[in-house]
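For reference, the structure discussed in these notes is given below.
Keep in mind that the numbers below use all heavy atoms, side chains included, and drop hydrogens, waters and symmetry copies. All values reported here derive from a predicted model rather than from experimental measurement.
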Amino acid sequence: MARGILFLISAPSGAGKTSLVNALLEASGEVSARLCVSVSHTTREKRPGEEDGRNYHFVNVEEFRKMEAESAFLEHAEVFGNLYGTSKNWVEERLADGWDVILEIDWQGAAQIQSLLPSAVSIFILPPSLESLCERLTHRGQDKPEVIEQRMAAAVNEMSHFDQADYLIFNEVFETALEDLKAVIRSARLSWAHQTDVHGELLKELIEG
């Protein structure tokens, strides 16, 4: 079985990254087939509606540091005082089984992974404006004004690293952004490297006659 593709999706908080990924997974058709999302480990508190093992693996700092010491993470980072990490074994097993894996990840984590796995495809989701981003963060109703101010400052810093991504998607109209995301998945699956992996025997037959 051909090895899966690793997709790294980054975005500032409030740009709609998680909503787009969820809609992508729920979509019918070939794009969502053999596609899954890695569930990260984190030390932050659960938000209303979140479930352990579905949104994140919620662990305490001691557990996280133990995994870090055992080199269990493909990447890890500290964001807003909380620790986040991606399980190395889980990702490797899914890719080896032919699954395409999505990592929702900040630019630091994406950079770490790209240095280890240059074949990973990186995608950056951007808002149509700073005003709309601030509006989205405010309407969540989950954070205090000072936290929103911190998140806006972090968003500007996050967005300054857009040039490290392979693809940029502006989430102005959700449906359009979703179709753009599907197009990137299709494009990566049609790349020379992946098609050679999937159809190696056929290509050999076509060339050799």
Open item on the list: Just to verify, which of His41, Lys46, Glu50, Arg47 counts as forming a side-chain contact (heavy atoms from CB on, under 4.5 Å) with Tyr56?
Closed with: Glu50
- [ ] Start with the C-alpha distance between Ser32 and Leu25, add both sets of side-chain angles, then the distance that settles side-chain contact (heavy atoms from CB on, under 4.5 Å), and finish with yes or no.
- [x] CA-CA 5 Å; Ser32 58; Leu25 293 174; 5.7 Å; no
Task: No-hydrogen, no-angle side-chain donor-acceptor test under 3.5 Å, Glu104 and Thr18 - done: yes
- [ ] Identify the heavy atoms of Pro12 and Met159 that sit nearest to each other, and give their distance.
- [x] CG-CG, 3.7 Å
Open item on the list: Can you confirm whether Val39 sits close enough to Arg54 that some side-chain heavy atom of one is under 4.5 Å from a side-chain heavy atom of the other?
Closed with: no
Open item on the list: Do Val91 and Leu35 sit in one hydrophobic cluster, given that two such residues count as connected whenever their side-chain heavy atoms are within less than 4.5 Å of each other, even indirectly?
Closed with: no
TODO: Start with the C-alpha gap between Lys182 and Glu179, add the side-chain angles, then the distance that decides, and say whether salt bridge (Lys or Arg N to Asp or Glu O under 4.0 Å) holds.
DONE: CA-CA 5 Å; Lys182 290 179 182 179; Glu179 289 305 313; 3.3 Å; yes
Task: Check ion pair Arg3-Glu92 (N to O, under 4.0 angstrom) - done: yes
TODO: From the options Leu8, Asp180, Leu181, select the one residue that forms a side-chain contact (heavy atoms from CB on, under 4.5 Å) with Ile123.
DONE: Leu181
Open item on the list: Distance check, rounded to the nearest 0.5 Å: Ser122 atom OG versus His161 atom NE2?
Closed with: 13.5 Å
Task: Asp166 to Ala120 - nearest heavy-atom pair and separation - done: OD2-O, 3.7 Å
TODO: Among Arg94, Arg34, Arg189, find the one that has a side chain to side chain donor-acceptor pair (under 3.5 Å) with Asp100.
DONE: Arg189
Open item on the list: Exactly one of Asn82, Val59, Thr42 should register a side-chain contact (heavy atoms from CB on, under 4.5 Å) with Phe64. Which one does?
Closed with: Val59
TODO: To the nearest 0.5 angstrom, please state how far the NZ atom of Lys88 sits from the CD1 atom of Ile113.
DONE: 11.0 Å
Open item on the list: Less than 4.0 angstrom from a charged side-chain N to a carboxylate O is my criterion; do Arg65 and Glu62 meet it?
Closed with: no
Open item on the list: Starting from Tyr167, can I reach Phe174 by hopping between I/L/V/M/F/W/Y residues whose side chains sit under 4.5 Å apart?
Closed with: yes
Task: ILVMFWY network linking Phe73 to Ile105, side-chain heavy atoms under 4.5 angstrom - done: no
- [ ] Mind checking the OG-CG spacing from Ser13 to Asp106? Nearest 0.5 Å is all I need.
- [x] 11.5 Å
Task: Gln112 (side chain) donor-acceptor with Leu74 (main chain) under 3.5 angstrom - done: no
